[in-house]
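Below, all heavy atoms of this structure are taken into account, side chains as well, without hydrogens, waters or symmetry copies.
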Amino acid sequence: MNNYSPALDGRGKPTLPPSAKKYGQAILSTLPMSPASLRITFFIWNKACVKLEENRLTLQTAPASFWRDCALSMSKKEHALRLLGLASSVYSALAADGYVDRDYAQAARALLDEPLSNAPPAFLSEEQAVKLDALLRSTAEDDLRRRDKAMVALCLYAGASPAELIRMTVSCVSAAAHHHLVTFTVPTTFCGKAAMHRRTTPIDDRAQVALVAFTTQLAGRAPQDPAFAGLDRSRLKPIDRTRLYVVVRKLLLEALGDSAEERRQGPQTLRNTWCARMLRAGIPVDTIMQRMGWADIATFYRFRAAWAKFEARCG
């Protein structure tokens, strides 16, 4: 990927490359992002464009390995993933606008879509999932335990992400406890305007049992209050991502013992396992994408490939 292939105009000459900073910002403005995410990604892209100029490169002449090296030099993996995702979108736009050949853009995106490490997405084996099922079905002793089990049940049986759990309200949990559907909502932006992304997915009896047990302690709370919050004084402060990870790790260690020693197993592991169960059940691709909240078919293909490797490894 160190040799670029510029597109040619009608006279057989390379088309002029656009300004890297403005081109990336124009693409960003069309992506569904929250204002905070947009600001962070703007900042990351502008820093990468400074390195681009220092190396005397343009969007046409910069290979995909340049953006990957920039990502690997970042201290936060979240920032690195943002840069790689935007760079991948930039290559698609460059090909669509005629600045680079489509084959070159496709090869560049293939390199950028590779994971930053060789570690595949984490899953629970079927044996581990059965053990966690048994723990979630057991009777909870106190309010805190019921709250923790309800969060883990939504991750494992409805594919809830940390962002979705943090924003769940009392009314949302109460509605899900009495129906076989749950609606998750997260803020985003679309075409530069603030919007709410909603994902509705069915839940089974196992998740409903955990939610019904949890709703007993929500009596007297306002419908718009955060459902998964602290107890007593901190009940209006939603749980954060770090605390959610601790809760999931605690229940995994309790259910699985030594087989849960892998630190990568967390809320995302349960979401991956839920998706893997749908694949194993033969649910159609479009239904899986709708339930997972995926907009790009490439996401599904990458996930299915990682799951197939996990299945082959487990035998």
Can a donor-acceptor pair be found, under 3.5 Å and without considering hydrogens, that links the side chain of R167 to the backbone of A163? yes
When you compare the side chains of T183 and R198, does any donor N or O come within less than 3.5 Å of an acceptor on the partner? no
Which atom of I283 lies closest to which atom of I288, heavy atoms considered: O-CD1, 3.5 Å
Under 3.5 Å donor-acceptor, R271 side chain and G159 backbone: yes
Report whether M151 and L135 are members of the same hydrophobic cluster (ILVMFWY, side-chain heavy atoms less than 4.5 Å apart, transitive linking). yes
More than 12 heavy atoms of other residues, nucleotides or ligands under 6.0 Å from CD of Q224: is that the case? yes
Heavy-atom neighbours of H180 NE2 exceed 12 at 6.0 Å: yes
Would R146 and T216 count as a side chain to side chain contact (heavy atoms under 4.5 Å, CB included) if you check the C-alpha gap in whole Å, the side-chain angles of each, and the deciding distance to 0.1 Å? CA-CA 9 Å; R146 284 192 286 270; T216 58; 4.1 Å; yes
Determine the minimum heavy-atom distance between G266 and V248, stating which atoms define it. C-CG1, 3.6 Å
How close do L86 and T41 get, counting heavy atoms only, and between which atoms? CD2-CG2, 4.1 Å
Starting from V212, can I reach I203 by hopping between I/L/V/M/F/W/Y residues whose side chains sit under 4.5 Å apart? no
Do F66 and K51 have side chains that get closer than 4.5 Å, going by heavy atoms? yes
Can you tell me if N272 and Q268 form a side-chain donor-acceptor pair at under 3.5 Å? yes
Donor-acceptor contact below 3.5 Å, side chain S88 vs main chain G85: no
Using only atom types and a distance under 3.5 Å, with no angle test, would you say the side chain of N46 pairs donor to acceptor with the backbone of C49? no
Heavy-atom closest pair, residues L251 and L132: O-CD1, 4.2 Å
For a quick test of reading the model, state the closest non-hydrogen atom pair linking A227 to V173 and the distance between them. CB-CG2, 3.4 Å
Donor-acceptor pair, distance only, cut-off 3.5 Å: does the side chain of R147 make one with the backbone of A229? yes
Locate the shortest heavy-atom distance separating R291 from W274; write the atom from each residue and the value. CB-CH2, 3.7 Å
Under 3.5 Å, is there a donor-acceptor pair between the side chain of T273 and the main chain of L124? yes
Decide whether Y157 and D133 meet the rule of one side-chain donor and one side-chain acceptor closer than 3.5 Å. yes
Gap separating the CG atom of L84 from the OG atom of S89, nearest 0.5 angstrom: 11.0 Å
Is there side-chain contact between L154 and L211, with at least one heavy-atom pair below 4.5 Å? yes
Check ion pair R145-D142 (N to O, under 4.0 angstrom): no
Please state whether the rings of F303 and W294 are parallel, tilted or perpendicular, taking 30° and 60° as the class boundaries. tilted
To the nearest 0.5 Å, tell me how far I27 CD1 sits from S92 OG. 8.5 Å
How are the rings of W67 and W45 set relative to one another: parallel (under 30°), tilted (30 to 60°) or perpendicular (over 60°)? parallel
Would you check if the side chain of K47 reaches a backbone N or O of C70 as a donor-acceptor pair within less than 3.5 Å? no
E126, CD: over 12 other non-hydrogen atoms inside 6.0 angstrom: yes
